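As the structure is a computational prediction, the values presented were derived from the model and not from experiment.
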Number of protein chains: 2
Amino acid sequence: MTIRQGARVELAADGLCCSSVLEAPLGEAEAEGLAQVLAALADPVRLRLLSLVAGQGEVCSCDLEAPLGRSQPTISHHTRILAEAGLISGEKRGKWTWWSAVPGRLAEVRRALGA
Amino acid sequence: MTIRQGARVELAADGLCCSSVLEAPLGEAEAEGLAQVLAALADPVRLRLLSLVAGQGEVCSCDLEAPLGRSQPTISHHTRILAEAGLISGEKRGKWTWWSAVPGRLAEVRRALGA
DNA sequence: TCCTCCTATTGACAATCATCGATGTGAGAT
DNA sequence: ATCTCACATCGATGATTGTCAATAGGAGGA
C-alpha cells in the first residue's frame, strides 16, 4: 500500500450492492464479498479504531497507538485492513497519514445485513 | 453443545445493548462482544447458512449439506458458531435438529454498527 | 548534506480457524 | 436388542491471523 502525497487511499471496496442476507438464498460471490468486509470489522481493535476515526473526523496513525495500546506496525496493519474493506481512507499530508471514515460504507454493510 | 429433546438451544448471546460504533469511543468490552458476533458472520458459508435458515423459517442440518457443499461435521461446526452468537437457535425434535433465525438478533447487530 | 520523525513493510511466532475422516450419541424403527 | 439415521464430538491438518522487533522509505528541518 504505497501512498503518494496528497492521494486518497481508496482501496478496492466491492459494492455490496444488491441483495441482503435476508433475501435468501445469498449467492456465493455476494457471501464472499460481504464476509470480507465483516472480517475487517470482526476485531475489537479495529472496531475501536474505526470508532475513534469516525468520532474525530480525522486522525493520524500516531494518535492511535496510545488509545488502542498496540505497537506502530500493528496499527498500520489494522488501518490497512480497514482501508482495503473500504471502511476508512487515508490521505498523506507531510509526514502524517490522516485517516477518516468513508461516509456511507458502514450503512452499506448494515443494509447488506438485512432490511 | 448437548441438546435435550424439545429444548431450544439459546446459547449465551450477550446483549450488544447500548452504544454503537459511531458513538465514539467504543469501550474495550463492548468492542470485544460486538467483534465476536461479527466474527460469526464473517464467513461466507455461515452467511449463506443464515440466509437459508432465515429464508425458509425452519431447516434441519441435513438439508444444509447439499446447498452449502460442506461435510456434515463442518455444517455442525457452523451451526454451533451461529447459535453461540445468538443468530440462530435449534430445537431437537425426533432425530432432527431444526434451526431457525433468532428474530431481532441481526437487527441488534445492525444497530450496534451505527445509527 | 545529515538528522529526525512518521509510517509502511518484512519476517517470525503463537494462536485461531475451516475443513474433513473417524467415532460417539441418542432417537426411532424393525 | 439390533439396526439405521441424524447429529455432535474428537483429532488432525493446512491456512489464516494478530502481534511485535527490526528494517525500509519518504518527507521536513537544520
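- Here side chain to side chain donor-acceptor pair (under 3.5 Å) pairs that include residues 61-71 of chain A, with residues two or more places apart or in two chains, are A:S61-A:W99, A:S71-A:T74.
- Taking hydrophobic clusters as Ile, Leu, Val, Met, Phe, Trp and Tyr residues chained together by side-chain heavy-atom distances below 4.5 Å, B:L113 shares a cluster with B:V37.
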Dump the pairs, protein N or O against N or O of nucleotides 2-4 of chain C, anything under 3.5 Å, distances to one decimal.
none

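- Residue A:T74 places no side-chain N or O under 4.0 Å from the OP1 or OP2 atom of D:dT19.
- Under 3.5 Å, the side chain of A:Q72 and the base of C:dA8 form at least one donor-acceptor pair of N or O atoms.
- Going from atom CH2 of A:W98 over to atom P of D:dA27 covers 17 Å, rounded to whole Å.
- A distance-only check finds no donor-acceptor pair linking the side chain of A:R111 to the backbone of A:L106 [under 3.5 Å].
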Query - side-chain hydrogen bond (donor to acceptor under 3.5 Å, both in side chains) between B:S19 and B:E30, worked out - result: CA-CA 8 Å; B:S19 55; B:E30 297 160 317; 2.7 Å; yes
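- A:R46 meets the side-chain hydrogen bond (donor to acceptor under 3.5 Å, both in side chains) test with A:H78; sequence neighbours excluded.
- When distances are taken from the side chain of A:H77 to each of D:dC7, C:dA18, D:dG18, the shortest belongs to D:dG18.
- Residue A:S76 places its side chain closer to C:dA8 than to any other of D:dA8, D:dT19, C:dA8.
- Within the 4.0 Å cut-off from OP1 or OP2 of D:dT9, at least one side-chain nitrogen or oxygen of B:R80 is found.
- Salt bridge status for A:R48 with B:E32: absent, with no side-chain N to carboxylate O gap under 4.0 Å.
- With rounding to whole Å, B:R46 atom CZ is found 8 Å from C:dA18 atom C1'.
- Among the nucleotides C:dA18, C:dC20, D:dA8, the one closest to the side chain of B:T79 is D:dA8.
- When each of D:dA22, D:dA6, C:dT7 is scored by its nearest atom to the side-chain atoms of A:C60, the top-ranked nucleotide is C:dT7.
- The residue among B:A42 and A:D63 whose nearest nucleotide of DNA chain C lies closer to the 5′ end is A:D63.
- If you measure from atom CD of A:E58 to atom P of C:dC6, you get 17 Å, rounded to the nearest angstrom.
- Comparing D:dC7, C:dA18, C:dG21 by their nearest atom to the side chain of B:D43 picks out C:dA18.
- Atom CZ of A:R93 is separated from atom C1' of C:dT7 by 15 Å (rounded to the nearest Å).
- Between A:E91 and A:R93, at least one side-chain N (NZ, or NE/NH1/NH2) sits under 4.0 Å from a carboxylate O, which counts as a salt bridge.
- Side-chain atoms of B:W96 lie closest to D:dC7 of the nucleotides D:dC7, C:dA8, D:dG18.
- Proximity of B:R70 to the phosphate of C:dT19: a side-chain N or O atom is located under 4.0 Å from OP1 or OP2.
- OP1 or OP2 of D:dT19 sits under 4.0 Å from a side-chain N or O of A:H78.
- The side chain of B:V45 lies closest to C:dT19 when the candidates are C:dT19, D:dA22, C:dT7.
- Nucleotide C:dT16 holds its P atom 15 Å from the CD atom of B:E84, rounded to whole Å.
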